[in-house]
Protein chains: 2
Amino acid sequence: MRLSAKSEYGLLALIDLAAAVDRAPMSTRDIATRRDIPLAFLEQLLATLRREGLVTAVRGAHGGFVLARDAHDISALDVVEALEGPLSPTVCDGQEPCGRGGACAAEPVWMQVSTTLREVLGRFDLASLAQRQLLFDATTGVTTPEE
Amino acid sequence: MRLSAKSEYGLLALIDLAAAVDRAPMSTRDIATRRDIPLAFLEQLLATLRREGLVTAVRGAHGGFVLARDAHDISALDVVEALEGPLSPTVCDGQEPCGRGGACAAEPVWMQVSTTLREVLGRFDLASLAQRQLLFDATTGVTTPEE
DNA sequence: GGTAATCCTGACAACATAAGTAGGATTTAC
DNA sequence: GTAAATCCTACTTATGTTGTCAGGATTACC
């Protein structure tokens, strides 16, 4: 039961964007070097996040990415689902017919997992995560995103 | 974010074992045909569940598998972890050092997911799931496991 | 003892996904 | 025009998933 590195990288990247209080576009290279993420890979992730409507791209020199919505209105669930697709733990979790004619005793287990997962991820928003990140960066001497 | 079919099949199989009130060993073939699971694949799953101490095997003719413990004492979490290994949603969920020196703003997200997942799966025990299965089988005319 | 049922083990294969890499095309600030 | 940046597509290497297959070991029953 794993999420892929895409979610991990993507969430870190969006946290950085949320921490950029000056609202200037932040380049992929910036984020990649600061958070130690392979540049070309991160480019792909941000491209899909753009297609999913979570960030907007600013092309050309001094371009980069900006959050498409307020940081309070983007949850970790939004990020994960944008990158991983709909998160169903198994085939049989109530999202689609199970193939067992509804007489599947295991179904409530997977359904509960599914909804709880969504609920937990939905509790975290980028604004509060960014605040936490700024604190960390200040104490560890990392060049903070808003500079 | 998916569990593999192993968990789905394995849980269904153990529910059947838990529903066998007469405590006679149930063959892999029985379960495979009743729940529509590929036989050879299910054999492998039950073999690992045996190695993990969840079931005991009875070899030879009229052999099969029996739950190793009382059905109340085996949770869906036990089954899933036995088949999938420890379930950490990402590298960075507090199980092992994150590589970011503890200054990872995303960590609480993955930690919360991890613990909640375990908590939810731990709530379901085989005894109650088996009871539900018996009800379903009775109404849909499936030959119930205890016959 | 023979036979059939059953578990046990290991190898193999087809397919999908993960985690990148590489290279070029396009846009824009200067 | 040039450099900095996004954008897009394809390729690659490794691993995991979902099985299948062949045979061997063990046991109940006649």
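The chains referred to below are lettered A, B, ... by the order of the sequence lines, with proteins before strands, and numbering in each begins at 1.
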* Look at the side-chain N and O atoms of B/Arg51 and state whether any lies under 4.0 Å from the OP1 or OP2 oxygen of C/dT9. => yes
* To do: For the pair B/Glu84 (side chain) and B/Leu3 (backbone), establish whether a donor and an acceptor sit closer than 3.5 Å, ignoring hydrogens and angles.
  => no
* Asked: Given atom CE of B/Met26 and atom C1' of C/dA5, what is their separation to the nearest angstrom?
  -> 16 Å
* **Between C/dA18 (P) and A/Leu42 (CG): distance, integer Å** => 17 Å
* Asked: Does the side chain of B/Arg132 come under 3.5 Å of the side chain of B/Ser128 through a donor N or O and an acceptor N or O?
  -> no
* Give the rounded distance in Å between these two atoms: CD of A/Glu8 and P of C/dA18. => 14 Å
* Asked: Taking atom CD of A/Gln131 as the centre, does the number of heavy atoms from other residues, nucleotides or ligands within less than 6.0 Å exceed 12?
  -> no
* Asked: Going by an N to O cut-off under 4.0 Å, is there a salt bridge joining A/Asp78 and A/Arg69?
  -> yes
* Let me have a per-nucleotide readout for nucleotides 15-29 of chain D, 5' to 3', with B, S or -, counting only protein heavy atoms under 4.0 Å. => ---SBB----BBBSS
* To do: Provide, to the nearest angstrom, the distance between the CG atom belonging to B/Leu49 and the C1' atom belonging to C/dC7.
  => 14 Å
* Establish, with yes or no, whether the OP1 or OP2 oxygen of C/dC7 is under 4.0 angstrom from a side-chain nitrogen or oxygen of B/Thr28. => yes
* **Side-chain N,O (B/Ser27) to OP1/OP2 (C/dA5) below 4.0 Å** => no
* Calculate the interatomic distance between B/Leu17 atom CG and C/dC7 atom P; express it in whole Å. => 10 Å
* Look only at the side chain of B/Thr33 and the backbone of B/Arg29, and say whether a donor-acceptor pair between them is shorter than 3.5 Å. => yes
* Does atom CG of A/Asp36 have more than 12 heavy-atom neighbours from other groups under 6.0 Å away? -> no
* **Length of the CG-P vector between A/Leu46 and D/dT6, whole Å** => 8 Å
* From B/Ile31, B/Thr56, B/Thr28, B/Leu54, residue fulfilling side-chain contact (heavy atoms from CB on, under 4.5 Å) relative to B/Phe65 -> B/Thr28
* NA contact type, B/Arg50, heavy-atom cut-off 4.0 Å: base, sugar-phosphate, or nothing? -> sugar-phosphate
* To do: Send over the distance from A/Ile37 CD1 to C/dT21 C1', rounded to a whole Å.
  => 17 Å
* Structure fact -> In whole angstroms, the gap separating P of D/dC7 from CG of A/Leu45 amounts to 13 Å
